[in-house]
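Worksheet: the structure to be examined is printed underneath.
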Amino acid sequence: MKRVVVGLSGGVDSSVTAHLLQREGYEVIGLFMRNWHDETVTLSNDCPWIDDSNDALLVAEHLGIPFQVLDLSKEYKERIVDYMFAEYEAGRTPNPDVLCNREIKFDVFLKAAMELGADYVATGHYCRKTTTEDGIHHLLAGLDPNKDQSYFLCQLSQEQLSKALFPIGNLQKSEVRAIAKEIGLVTAEKKDSQGLCFVGKISLPEFLQQKLEVKYGKIIEINELEDQFTEYSNIPVNLEHVVELSKEFIYSPNMGQEVEKHIGAHYYTIGQRKGLHIGGRPNPSFVIGIDTETNTVYSGQKDDHPGLNKWALKIETNEMHWINPNFEMNTGDAAEFEIRIRYRQPLQKGTLTRLEDGYYILFDKKQRGIAPGQFAALYLKEELIGSGIISH
């Protein structure tokens with residue numbers, strides 16, 4: 001029998017994952033990851049780790065499998081939380097869930113599982129894996145379009161995929177709950193967890209204020225008739241001009257008017273609407289720019305503001321990651337993909353090209369809220385090919 005260590009989170013998805021593997025004849029071990037100790041930043045009664053740990057234990061007892069709690073809080077702080085603080089401080093928008101999968105679940109946790117003699121690790125992600133005769137592992141979207149979580153695994157390597165199993169990726173969420181109910185799992189009707197991976201639902205400003213000080217500054221509104229927007233609209237939309245089309249808009253306080261104060265530029269992200277507290281404007285306001293050096297937030301009215309919508313983005317050469325190595329590019333290459341620049345965003349058609357100074361994506365349609373620090377994930381049909389961190 002092959003041995004599988006399942007990351008039992010205390011939720012219904014990982015519970016059913018363990019059951020399905022057991023039914024297939026695997027020797028299953030349940031492992032709960034405790035990655036966070038500071039409950040002062042979590043919103044009350046929302047996914048407290050102790051309840052999750054107890055539920056995971058009850059599931060393991062119900063299934064008759066060994067169960068352990070693994071404390072990875074030191075690694076989680078160093079690899080995920082410190083990264084989050086550094087990215088926000090630099091005015092970028094991190095995606096800690098993507099990093100959590102690459103650095104914690106499929107690295108630190110995977111190594112701990114291997115020390116237990118495991119052949120594989122399994123998680124309750126809604127995604128699928130296939131392996132072809134050439135030995136390449138392919139990461140595919142989950143069959144439930146409302147729950148597909150492949151985006152969060154966009155930084156996994158072939159080595160990590162070789163040890164991974166995703167038993168519920170071919171199921172609908174409703175089917176997973178039905179299985180849990182049928183076999184009497186305590187998690188059958190438990191709500192899905194929300195918020196930061198392993199921390200729970202948090203108030204992001206309060207979380208960031210642990211390390212990033214409140215620093216009052218100005219919110220400057222930029223008019224949509226600003227000259228650089230007109231110049232941008234006159235750039236031909238083709239690959240020859242992709243570098244120009246991806247360039248950041250440059251703002252300075254003298255370009256607009258102060259409309260509000262903020263508590264720190266590092267607390268905001270491109271495209272954000274909530275939390276600006278801008279009143280008295282004819283239309284809703286959105287963040288269109290962040291300058292952490294001058295501590296200035298720039299806003300624009302309406303979500304079709306030209307400062308919020310661009311044709312292209314750049315990924316630095318060393319920030320591009322190929323899950324399927326067969327698609328790696330040489331300088332001058334170009335290929336069409338479907339692209340997602342944030343979780344749950346519908347796939348967008350575009351062309352990826354590699355130039356001497358990095359990779360560029362030109363979209364078929366303008367994209368709203370391209371945020372530096374987020375991941376652009378590349379798909380071909382249902383396969384996730386690779387991803388890169390957005391530079392600008």
Side-chain angles (χ1 to χ4, degrees), residues 85-94 204-205 208-209 211-237 241-316 319 341-342 357-358 360-363 366-374 376 389-392:
F85 284 134
E87 287 287 274
Y88 275 111
E89 195 167 26
R92 289 156 60 92
T93 305
L204 190 60
L208 294 176
Q209 282 169 26
K211 192 165 181 179
L212 306 180
E213 293 178 2
V214 170
K215 203 172 162 186
Y216 292 101
K218 298 176 181 178
I219 299 178
I220 305 292
E221 182 178 284
I222 304 294
N223 191 290
E224 61 185 22
L225 300 178
E226 173 67 32
D227 287 347
Q228 61 184 318
F229 302 143
T230 305
E231 292 167 10
Y232 186 85
S233 68
N234 291 325
I235 301 170
V237 182
H241 294 86
V242 70
V243 175
E244 294 170 79
L245 291 166
S246 73
K247 282 185 177 173
E248 292 176 281
F249 294 121
I250 305 299
Y251 306 116
S252 60
N254 60 9
M255 287 181 181
Q257 60 172 315
E258 182 182 347
V259 289
E260 188 53 81
K261 291 277 197 292
H262 63 75
I263 60 170
H266 42 256
Y267 295 138
Y268 298 85
T269 184
I270 302 295
Q272 180 176 337
R273 178 180 173 183
K274 290 181 180 177
L276 284 177
H277 307 298
I278 297 173
R281 313 307 296 155
N283 300 291
S285 295
F286 298 84
V287 175
I288 65 168
I290 299 160
D291 186 338
T292 53
E293 289 190 17
T294 63
N295 194 34
T296 309
V297 172
Y298 295 97
S299 69
Q301 291 185 46
K302 298 187 294 186
D303 63 3
D304 62 353
H305 190 286
L308 197 57
N309 297 273
K310 290 172 64 182
W311 286 105
L313 61 81
K314 181 184 181 184
I315 297 167
E316 300 293 345
E319 299 282 18
I341 59 172
R342 65 182 70 86
D357 68 330
Y360 292 85
I361 293 174
L362 178 68
F363 292 95
K366 273 189 176 180
Q367 297 299 302
R368 181 189 172 283
I370 295 174
Q374 288 282 293
I389 301 174
I390 299 170
S391 173
H392 55 75

When every non-hydrogen atom of A265 is compared with those of V297, the smallest separation belongs to CA-CG2, 3.8 Å
Value for CZ (R273) from CD1 (I278), rounded to nearest 0.5 Å, stands at 11.0 Å
> Is a side-chain N or O of Q301 found less than 3.5 angstrom from the main chain of N283, in a donor-acceptor match?
Replying inline: yes
To the nearest 0.5 Å, atom CD1 of I270 lies from atom CZ of R92 at 12.0 Å
Can you tell me if H241 has over 12 outside heavy atoms packed within less than 6.0 Å of its NE2? yes
Candidate pair I361 and I315, rule side-chain contact (heavy atoms from CB on, under 4.5 Å), full reasoning
CA-CA 8 Å; I361 293 174; I315 297 167; 4.2 Å; yes
Can we say D304 and R368 salt-bridge, meaning some charged N sits less than 4.0 Å from an Asp/Glu carboxylate O? no
Just wondering, are more than 12 heavy atoms of other shown residues or ligands nearer than 6.0 Å to NZ in K366? yes
When rounded to the nearest 0.5 Å, the distance separating OG of S391 from CD of E319 is 8.0 Å
**Asked** Any chance the rings of Y267 and Y88 have centres within less than 6.0 Å?
**Response** no
Task: Donor-acceptor contact present, side-chain Q374 to main-chain T93, <3.5 Å - done: yes
Problem set entry | Sidechain-backbone polar pair: H392 side chain, S246 backbone, donor-acceptor under 3.5 Å | yes
**Asked** Any donor-acceptor pair under 3.5 Å linking the side chain of Q228 with the backbone of F249?
**Response** no
For I220 and P253, the nearest pair of non-hydrogen atoms, with its separation, is CG2-O, 3.8 Å
Taking atom types as modelled, find out whether T230 and D227 have a side-chain donor-acceptor pair closer than 3.5 angstrom.
no
Please answer whether the main-chain N or O of N295 pairs with a side-chain N or O of K215 as donor and acceptor at a distance below 3.5 Å. no
Between the OG atom in S299 and the CD1 atom in I288, the distance rounded to the nearest 0.5 Å is 6.5 Å
dist L313:CG -> I389:CD1 (nearest 0.5 Å) comes out at 12.5 Å
Does the side chain of Q257 come within less than 4.5 Å of V259's, by heavy atoms? yes
**Asked** When you check the gap from the basic side-chain N to the acidic O, do E258 and K261 get nearer than 4.0 Å?
**Response** yes
So, does D303 use its side chain to make a donor-acceptor pair with the main chain of L308 at under 3.5 Å? no
On a heavy-atom basis, the closest approach of I222 and S252 is CD1-O, 4.5 Å
Where do T292 and Y268 land on the side-chain contact (heavy atoms from CB on, under 4.5 Å) test, with the steps shown first? CA-CA 10 Å; T292 53; Y268 298 85; over 6 Å; no
Check your understanding: Does the side chain of K302 reach to within under 4.5 Å of the side chain of E224, using non-hydrogen atoms?
Key -> yes
Taking the inter-plane angle between the rings of Y251 and Y298 on a 0 to 90° scale, is it parallel (under 30°), tilted (30 to 60°) or perpendicular (over 60°)?
tilted
Report yes if some heavy atom in the side chain of F363 is under 4.5 Å from a heavy atom in the side chain of L245; otherwise report no.
no
(Q) Ring centres under 6.0 Å, that's the criterion: do F229 and H305 meet it? (A) yes
Query raised in the report: Quick one: are M255 and E226 in side-chain contact, heavy atoms under 4.5 Å?
Result: yes
When rounded to the nearest 0.5 Å, the distance separating CD of E248 from CD1 of I370 is 11.0 Å
Determine whether a donor-acceptor pair (N or O, by modelled atom type, separation under 3.5 Å) exists between the side chain of Q272 and the backbone of T269. yes
